[in-house]
Structures are given as C-alpha cells and as structure tokens.
There are 2 protein chains.
Amino acid sequence: MIRSYHHGALAEAMVDQALASVRAQGADHVSLRSIAQALDVSPSAAYNHFADKDDLLRSVGSCGLAALDERMARVLAAHPADTADAARSRFTGLGRAYLGFAIDETHLFQLTFGPICMAKQLPPGESGPYIKLTASLDDLDRRGLLKPGIRPGLDLTVWAATHGMATLLVEGAVPPESADGFIESIANLITK
Amino acid sequence: MIRSYHHGALAEAMVDQALASVRAQGADHVSLRSIAQALDVSPSAAYNHFADKDDLLRSVGSCGLAALDERMARVLAAHPADTADAARSRFTGLGRAYLGFAIDETHLFQLTFGPICMAKQLPPGESGPYIKLTASLDDLDRRGLLKPGIRPGLDLTVWAATHGMATLLVEGAVPPESADGFIESIANLITK
DNA sequence: CAGGGCATATGAACGATGTCAATATTGGAG
DNA sequence: CTCCAATATTGACATCGTTCATATGCCCTG
C-alpha cells in the first residue's frame, strides 16, 4: 500500500506529531487541525482515537512524564549505590535531572505538569519520579545522613521545592544558572 | 448620561469583569467577547485600551499579585514585630498567606503565575511578596534564629519551595490539609 | 472465493473565538 | 458653534474544536 485510505496507526502518529509540535511551540499554540494536516489526515479523524483535544494532549503529557522518569533513571544507573558519598550524589543527581528536564524541555514540562494533564491522571505519588525521590530519601535516612527527625513529610517538602524551582525556571523568573546552587542548597538543608 | 454611546471607563470595567470571570471559570475559559457582552459593549472596543487579550489578562494578573500582597501585608500587620517568637510567627504566617491565596483563589493564582503574566512583567524579585519574604528571613537571621550559614540564597530556596507547594495545591496533586504541615516543615528545616 | 460488517477515514458544516479595517458617534477644546 | 481626537460599532476574516452523515477498505464468516 503506497498511500492507503486508512492510516493504520493514527493514534501513535498523532501523539508523535503532537509531541513534536508541543516541544516546538508549546501546548497552547498547537491545534488539532495542524497536527492532522501534518499527517495528511482530515481533522475529524482524530476523534476515532481520542475523545478530545485534551485527551490527545494528555497522551503527550504521559510521554513527558516518561521522558522525565528516564532522565532520573539514567542518573541512578550512572551512580553506584554502595558508598555513602554516592547516596548524596544520587539525591542531587535526581534533583538536577528534574531541573534539567524543565530547562531543556520547557514546553513539555508545562504541559506535563499543567492543569490539562494533572486533572484526571494518576496520583503523582505513584509516578516514577516521585517513587525515585522517596527511595533516595530513604537511602539517605538509612545511612544516617539526614538531619535527625526530619524524615516524616520530607518527600512532599523536597518534591514541592524542586517542582517549584522547576516552574520558576520554566517561566523565566529565575535564570538557569541558579539551578545547581539550588539543588546544593536543598541538600545542605536536609543532610548533616 | 443614561446610556451614553461612550462607556467612559471601559478599561477598568473590563479588568473588573475579566477578574470576576477568571475567578469563576479560570483564564482559559474566558473569552474577550463574553467580557464585552457582559458590559454591553462590542468585542472590538477592547482594542482601544488593550493591545491583546493577553494584555488584558496581564492586567488581571496584576490584580492577583496585588491581592496576594495584601494578604501577606495583613499578616505582618496582625503580628507585632518585637519578640523572637513573633519573628517565627511572621515567617510562617507569610507562608500560610501564600498557600491560602493559592487554595482560595485557584484560578487567579494560575493566571498570575502562569506563562501569560510571567513573561513581559516586572522581575518577581521586586514584587511585594518577594520583598516581604526577604525581609522576614533577614529578621530571623538578625535574631540568630536561622541555622548557621544558610542565609545566602535562602530567599530563592524558600520561595521556590512555597511556590511549588502552591502549584501542587492548585492542581489538586496534594490536598489542602497538607498546607500547614508543609509550612511547619519548612520552618523546622531553616530555624534552629 | 464471495460478501458483508466494522473500524477507520472523509467532507461539509456549525458555532465560537481573536483580531482588524472602515465607519460612526460623541464630548470637549478652540 | 465647529471640528478633532478619543472612543465605540459594524462587518468581515481566518482559525479553531467538534459533530454528523457518508465513504472506504480490511478481515472474518460462510
């Protein structure tokens, strides 16, 4: 089939194209129609695979979350897990990966953690990034590297701090150079 | 003039109406046309006073920032500034005001700190809320209540943390009940 | 192999939106 | 009183998300 009437894998193709468009222009400036046009498909074809434009964007957001998770996974794979120094490196590495994602993939970050995707999606407590954060804090705690008595609720505190810094970076409220210092600052606050 | 041809104060009226609409439905679901219709004015009348829809929304965002600043100012006015205990109360009070604004005025918060308003606006380092935060940290520092050596860069760290928690609250990623515990957790991390 | 059903795509249409150009109205300064 | 500049209107355009009726073709049944 040279150019079959049926596309065959429209769903994936649309997510891919939407992902590229979001990366390039940001979710607000991406139209269903332009995505369809890029795939040589009629605009209404999308509705066989997605309920909404928002439904499609949510799929793109999942890719964003996966991309972030992969960055964090790479950090864990790169650092050995044995020494105590490594425990701290793993923690700061995870933080830098989070902020790096925000800096490198501004638009995708905005979609992934924006209102469209956050509503009606899995509780972030079960997402890969959050689990990795929790595990890293547990690791620090097990080795006695945390300041005493601060472990309860620390997940949320650190997550909020990192996520907040990421949004400030994304909005240009703060220059990218401040990212590393911020991570170091967090690490200094929670470790002895 | 009973119903003059000219409105007379369209600019302010549109900001007021837009503010109300944003509070009710969120900035994404507010249209220029509906605002104009609510004021019995033609849609294009707006363009005598605002360059864009975004330009109008930026004015609404300024109101949001002002509302937040007022909440924080009320906290400072309510707490006496003399005792050392009060210094800590002022700090946590400021944080609670910030999160309270996010919880009570979800939509307005999203607009005020969203991409539309953050771009092309005053650097947040000069905004009322940020200045109040800095002053509060200086106060704690002056009284020797901060952990030693952490003051440099603390503004950014605390701001990011609080702002991050606010966005998580706003997106429903975290329940409102966790707000107070979060503030306490931050205070415990930075004070002796 | 024939044929029919079902998932998939099309096309035209609707209502709404942001924006602009041309025109009309008015209050107030000279 | 007259005329101007500010302000509003009208009408139009392109674009958007979405829906409905219709067309297409692949696979499964007989």
Side-chain angles (χ1 to χ4, degrees), chain A residues 1-61 107 110-111 114-117 119-120, chain B residues 1-61 107 110-111 114-117 119-120:
Chain A
M1 68 177 154
I2 318 176
R3 275 274 170 198
S4 101
Y5 183 83
H6 284 63
H7 183 285
L10 226 204
E12 309 167 33
M14 291 207 81
V15 173
D16 288 353
Q17 177 61 41
L19 180 59
S21 298
V22 166
R23 276 183 159 124
Q25 326 165 15
D28 299 337
H29 298 58
V30 169
S31 67
L32 248 199
R33 294 178 110 104
S34 70
I35 294 172
Q37 195 172 12
L39 298 173
D40 276 309
V41 148
S42 90
S44 44
Y47 290 84
N48 287 298
H49 307 274
F50 304 96
D52 259 333
K53 183 192 184 186
D54 284 3
D55 191 29
L56 168 59
L57 287 179
R58 265 184 290 265
S59 291
V60 176
H107 291 135
Q110 263 163 339
L111 173 61
I116 298 176
C117 291
K120 277 290 178 199
Chain B
M1 64 175 156
I2 316 176
R3 276 266 172 204
S4 100
Y5 183 85
H6 285 63
H7 183 286
L10 226 207
E12 307 168 33
M14 292 207 82
V15 173
D16 288 352
Q17 176 61 41
L19 180 59
S21 297
V22 166
R23 277 183 157 124
Q25 327 165 15
D28 298 337
H29 299 63
V30 169
S31 67
L32 249 198
R33 293 178 109 104
S34 69
I35 294 172
Q37 195 172 12
L39 298 173
D40 276 309
V41 149
S42 91
S44 45
Y47 290 83
N48 286 299
H49 307 273
F50 304 95
D52 258 335
K53 184 193 183 185
D54 284 3
D55 191 29
L56 168 58
L57 286 179
R58 265 185 289 266
S59 291
V60 176
H107 290 136
Q110 263 163 339
L111 173 62
I116 299 175
C117 291
K120 276 290 178 199

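Note on naming: letters A, B, ... go to the chains in the order of the sequence lines (proteins, then strands), and numbering restarts at 1 for each one. The structure presented is a predicted model; accordingly, all values stated were derived computationally and were not measured.
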Return the nearest nucleotide to the side chain of B:V41; candidates are C:dT17, D:dT9, C:dT10. D:dT9

Please classify the nucleic acid contact of B:S42 as base, sugar-phosphate, or nothing, using heavy-atom distances under 4.0 Å. base

Distance in angstrom units between B:K53 NZ and C:dG18 P, rounded: 4 Å

State whether B:H49 places a side-chain N or O below 4.0 Å from either non-bridging phosphate oxygen (OP1 or OP2) of D:dA8. yes

Of B:Q17, B:Q25, B:R23, the residue whose pairing with B:S21 passes side chain to side chain donor-acceptor pair (under 3.5 Å): B:Q17

Can you tell me the distance, in whole Å, between the OH atom of A:Y47 and the C1' atom of C:dG11? 15 Å

Figure out the CD/C1' separation between A:Q37 and C:dA9, and round it to whole Å. 17 Å

Between C:dG18 (C1') and B:L57 (CG): distance, integer Å: 12 Å

From C:dT19, D:dT9, C:dA9, pick the nucleotide closest to the side chain of B:A45? D:dT9

B:L10 side chain: which of D:dA12, D:dA8, D:dT10 is closest? D:dA8

If the cut-off is 4.0 Å, is A:S31 near the phosphate of D:dC16, judged by side-chain N/O to OP1 or OP2? yes

Given C:dT10, C:dT17, D:dT7, the nucleotide with the shortest approach to the side chain of B:N48: D:dT7

